[in-house]
Amino acid sequence: MIARVIVDVPSRQTDRPFDYEVPGELAGWIEPGSRVGVPFGGRVVQGFVIAIADNADVDRSKLKPIAELLDHLPPLSPDLIELGHWISEKYCCPLTVALQAMIPSALKGKAESFVAIAQDQASDALFEPDWMMFIRQQGGEVKLASLQAKYPDAARDVKAAITLGDLTERAAIRDRLSVRKVLTVFPPADRESAELALTAIPARAAKQREVLRFMIGQEDPIQLQVLLETLSTTSSTVRALEEKGLLVIREVELDRDPYAGRAFRRTEPLPLMEGQQQVYDQIADALDAGESQVFLLHGVTGSGKTEVYLQAIEHCLNLGRQAIVLVPEISLTPQMVERFKGRFGHEVAVLHSRLSGGERYDEWRKIREKRAKVAVGARSAIFAPFERLGLIIIDEEHESSYKQEESPKYHARDVAVRRAKQHGAAVVLGSATPSLESYTAAAMTPASGNPGRGAALLPMPERVGGKPMPPVTIVDMREELRGGNRAMFSRPLYEGLKKRLERGEQSVLLLNRRGYSTFVMCRACGYTAQCPHCDIALTYHQKSRVLRCHYCGHAEGSPSACPSCESEHIRFFGTGTQRVEEELAKLFPGIRVIRMDVDTTTEKGSHEKWLTMFGERKADVLLGTQMVAKGLDFPYVTLVGVIAADTSLHLPDFRAAEKTFQLLTQVAGRAGRHQLPGEVIIQTYNPEHYAITTAQHHDYDAFVKEELGHRRQMAYPPYCRLILITLSHEQLPQVINAGDKLAALLRHSADEAGMHGAGLHGGNRFIEVLGPVASSIPRIKDRYRFQCMVKYRGNVDAVGIVREAVAAVARPQDKAGVQISVDVDPQVIL
DNA sequence: CTGGGGACGATC
DNA sequence: ATCGTCCCCAGC
């Protein structure tokens, strides 16, 4: 029996299966998906079995046996392995990287070396060195690492002993975490004889009597720790009873439950409004049919999408299938979790990055061991190891956080569609502002003349309770300036805030820029403070009084005089959240402000803490970056102010307008969701920009129409697909050289591919290579950055072309080599 | 003639 | 990625 193993060595050259012999004793245990330790190039590494075969591809003499099996249940299933292949192809990464992304990091084992005294070595206490005696004391075998730590000078001798055969070396894979085990006390099995024994306990051991009496009355096993606290005694007392054979103490597996001690109030399905019911019926039909189908649920904020999700999941579970709910990391608040736990109780597993490694592992095991049927989580929860998926819901599907920034650079939405196909599951993409990719996919419905393809559009244009969308006022900041107001708050926004304070209502202020100021400039000579490691201006942080780089974290003291001309006319320009906070305090003495940005929410749970405080009306204003725009729902918020809508509009990103529109629409939906009517004020220097005017009228369709026009004109997605290749190196000439080489190779292959297709340009099939050009931030962390862009459409294997070109350029890949990263733009492929 | 150091290639 | 091998040149 032969196992094909993908070894955990993430490089281009080892990105293929290696064959291993399955030892007889493991034959029944090893299957595709098993995690194993295998000897590889003179050491032991972790690997995944991806297939079982009868015959090896290589000469039998080269085969080595699998060294160890790491889990009793394989952490991957065949469908996840297949999905891994797809990811590694589509996103251009080694298969092991794709597979590793699917399991909790607790299962990322590292090889550990052990040394043992060889069997035939007799003890020779007189002449033995200390370290050898130490090994004997430890039972003949120790971790190499602990030997190194204790006897740093013995390295030479130990190495020699291994070479001579006096010591043997053994490697094993060790997981970062294991199942949590808790000492647990079991009540006596035979209560009658225990009663008898009770009387036999002498009076001086009164504590033992008390413990035993307690345990006789106890139905269930109890944690030792809890027992000791309840009866305020010590473990020796309990141990004594154990030794008498009256009690049993055993280690019991226990989940680390991040929501332990929280009771979730059970909720029942709410009656659906007509709009909700129609949407639900369509999803339920698809679930009944059991065929993969993608839905785009376009529901305005407050239209009751979550209740539709909950009932669709319930229907899915009733059909004996499982469901995954993806939510942006930032929206995965306890309130959000509560909605799902409240409806489905213990059958919900929660997966997100704020959990500790152990908690995450235990939630994952709940799914693996079929104790959970619903997974709620961020991006990576798309890999939840369910066997019969029926439904995948992606809430706020337009969110860019569904794209992973590190390798594997997958987009959870695209992976979801693929995974649903494997399982015959339904996908529901929910958003008030669908991404253009999803919208275009939905525009290809049978009705629009593309039968058999496309996502079904499910509109939910009504808000629950019929609340109107809040009125949105656009304030032209150029007018304000002309009117003599140079402050960061326009008069309408100032008046609005003042009114809210007087009425005891709350406001939310959005400014998509943290820190105090955007840049520091000398008015005399024009000097600006730049990061020494990146080509980017430093941001001043008021509290710590330092200039900080938001890309590499570099910090330096802020100058009081210009470092270049020594003038004192050095000033802070641009506005960050810290400065707004300061200004609010000046304008409204006594105002209570909660500031929420990366700087104030690094601590675990701080994000929720601030929101809870705000919900309890312990602050008047919630001020923050885009994290205040997402999913918050506070009844006393009646004013939402956007301090500078232009911040995201001018980013060097063809999605800048789309992101701005989404952000403004999202944040506008935060006001007046309850009894009190709301109001939104947007400050901007571009009041006529369509992203802003369409957001003002809550007019998604108008925005999409306009934006699609621009995208078509510029040949950007969804009218084509993109691959961005970024090259970086410490030396500028090296990057330029590699960039030129790469572009030449790409152009050559693109031409060749074009030859075989009809109508290269303007038709439905083309491939175009742009660059190399310097990236928008030409240097980060002391590395110069250049990029090439591949634009393509139709049936061309652009990723394949890129993969080959990258492999050719990255050939001499020693330490001095140019780093190349490949980014495939998201695309809903149906 | 030996021994360090960097390029090259294999790893089942 | 990491390790062993080969080959070259410097030093003895």
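Chain identifiers are assigned alphabetically (A, B, ...) following the order of the sequence lines, protein sequences preceding nucleic acid strands; residue numbering begins at 1 within each chain. Please read all numbers here as calculations on a predicted model, not as lab measurements.
Residues A:Arg418 and A:Glu82 are paired through a salt bridge, judged by an N-O separation under 4.0 Å between the basic side chain and the carboxylate. Between A:Arg548 and A:Glu556 no salt bridge is recorded (no basic side-chain N to carboxylate O distance below 4.0 Å). A salt bridge links A:Glu387 with A:Lys370; the closest basic N to acidic carboxylate O contact falls under 4.0 Å. Salt bridge A:Asp255/A:Arg365: present, at least one basic N to carboxylate O contact under 4.0 Å. The pair A:Arg419-A:Asp79 meets the salt-bridge criterion, since a charged nitrogen lies less than 4.0 angstrom from a carboxylate oxygen.
Nucleic acid contact class of A:Pro17 (heavy atoms, under 4.0 Å, all strands): none. Using a 4.0 Å heavy-atom criterion, one finds that A:Arg4 contacts no nucleic acid atom at all. Counting any heavy atom pair closer than 4.0 Å across all strands shown, A:Tyr20 reaches sugar-phosphate atoms only and no base atom.
With rounding to whole Å, A:Lys64 atom NZ is found 9 Å from B:dT11 atom P. In this structure, CZ of A:Phe40 is placed 12 Å from C1' of B:dG9, rounded to the nearest angstrom. Rounding to whole angstrom units, CD1 of residue A:Ile6 and P of C:dA1 are separated by 16 Å. Protein atom CZ of A:Phe18 is 15 Å distant from nucleotide atom P of C:dT2, rounded to whole Å. Distance NZ (A:Lys108) to C1' (C:dA1): 11 Å, rounded to an integer number of Å. Distance A:Asp8 CG to B:dT11 P: 19 Å, rounded to the nearest Å. In this structure, A:Arg43 places its CZ atom 12 Å from C1' of B:dA10, rounding to the nearest Å. Straight-line distance from the CZ atom of A:Arg12 to the C1' atom of C:dT2: 17 Å, rounded to whole Å.
Distance from the side chain of A:Arg16 is smallest for B:dC12 among the nucleotides B:dA10, B:dC12, C:dC3. Nearest to the side-chain atoms of A:Lys62 among the listed nucleotides C:dT2, B:dC12, B:dT11 stands B:dT11.
No cation-pi contact links A:Arg388 to A:Phe386, judged by a cut-off of 6.0 Å to the six-membered ring centre and 45° from its axis. Under the 6.0 Å distance and 45° angle rule, A:Arg170 counts as a cation-pi partner of A:Phe114.
The stretch residues 87-107 of chain A does not touch DNA chain B, since none of its heavy atoms comes less than 4.0 Å from the strand.
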